[in-house]
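Written below as structure tokens is the structure these notes are about.
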Amino acid sequence: MRRERPLSVRQEAILRLIRSWIIEHGEGPTIRQIGARVGLSSTSSVAYQLGQLEGRGLISRTGRGWNSCRIGGR
């Protein structure tokens with residue numbers, strides 16, 4: 001049985017940001033907005049972290065863009 005590693009500090013920060021952003025704005029933040037708030041200047045780094053969270057089932061998207069993400073998975 002394979003054990004999942006715990007979330008990184010950065011992944012936890014991104015997840016908290018998405019939760020609060022959705023509550024405040026009614027939709028998820030863009031990749032650039034996430035990067036600016038968690039200290040990542042590379043959009044590909046943000047996309048990688050989002051992909052990791054999506055792979056774990058912690059977030060999901062209803063559309064192609066990340067601002068359509070929702071907390072919770074599949």
Side-chain angles (χ1 to χ4, degrees):
M1 186 164 136
R2 189 173 152 218
R3 221 180 188 151
E4 289 231 11
R5 293 187 328 207
L7 293 178
S8 69
V9 172
R10 182 147 288 145
Q11 288 170 339
E12 288 178 5
I14 290 171
L15 202 52
R16 277 193 310 271
L17 171 68
I18 292 170
R19 279 189 185 115
S20 64
W21 192 277
I22 290 172
I23 290 168
E24 189 174 329
H25 300 280
E27 65 179 12
T30 65
I31 285 183
R32 291 185 192 279
Q33 290 166 330
I34 293 170
R37 285 162 179 80
V38 299
L40 289 171
S41 58
S42 167
T43 56
S44 63
S45 294
V46 177
Y48 173 80
Q49 295 297 337
L50 291 170
Q52 293 296 304
L53 293 171
E54 187 177 37
R56 288 177 166 222
L58 298 172
I59 61 174
S60 63
R61 295 185 271 181
T62 57
R64 199 176 112 115
W66 282 108
N67 64 337
S68 69
C69 75
R70 302 276 182 256
I71 298 296
R74 309 171 182 130

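These figures come from a predicted structure and were not determined experimentally.
The ring-ring contact (aromatic ring centres under 6.0 Å, His included) contacts involving residues 23-43 comprise Trp21-His25, where partners must be two or more places apart or lie in separate chains. Listed by first then second residue, pairs satisfying ring-ring contact (aromatic ring centres under 6.0 Å, His included) with a partner in residues 27-65 number zero, not counting sequence neighbours.
Not counting sequence neighbours, the partners of Ile22 by the side-chain contact (heavy atoms from CB on, under 4.5 Å) test are Ile18, Ile71. Considering only residues two or more places apart in sequence or on other chains, Ser41 meets the side-chain contact (heavy atoms from CB on, under 4.5 Å) condition with none of them. With sequence neighbours left out, the salt bridge (charged side-chain N to carboxylate O under 4.0 Å, His left out) criterion links Arg61 to Glu54.
We find the OG-CD distance between Ser8 and Gln52 to be 9.0 Å, quoted to the nearest 0.5 Å. Between Ile31 atom CD1 and Ser45 atom OG the span is 10.5 Å, to the nearest 0.5 Å. Rounding to the nearest 0.5 Å gives a distance of 11.0 Å between CD1 of Ile34 and OG1 of Thr43. Annotation: the span from Arg56 atom CZ to Leu15 atom CG amounts to 10.5 Å, rounded to 0.5 Å.
Here the shortest heavy-atom pairing between Val46 and Gly35 reads CG2-CA, 3.6 Å. Of all the heavy atoms in Leu50 and Ile59, the pair that sits closest is O-CD1, 3.7 Å.
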In sequence, state the C-alpha distance, the side-chain angles, and the governing distance for Ile14 and Arg10, and then conclude on side chain to side chain contact (heavy atoms under 4.5 Å, CB included). CA-CA 6 Å; Ile14 290 171; Arg10 182 147 288 145; 4.1 Å; yes
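Gln11 places none of its side-chain heavy atoms less than 4.5 Å from the side chain of Leu58.
Remark: the backbone N or O of Thr30 is paired with a side-chain donor or acceptor of Gln33 at under 3.5 angstrom. With Glu12 contributing its side chain and Val9 its backbone, the two residues share no donor-acceptor pair below 3.5 Å.
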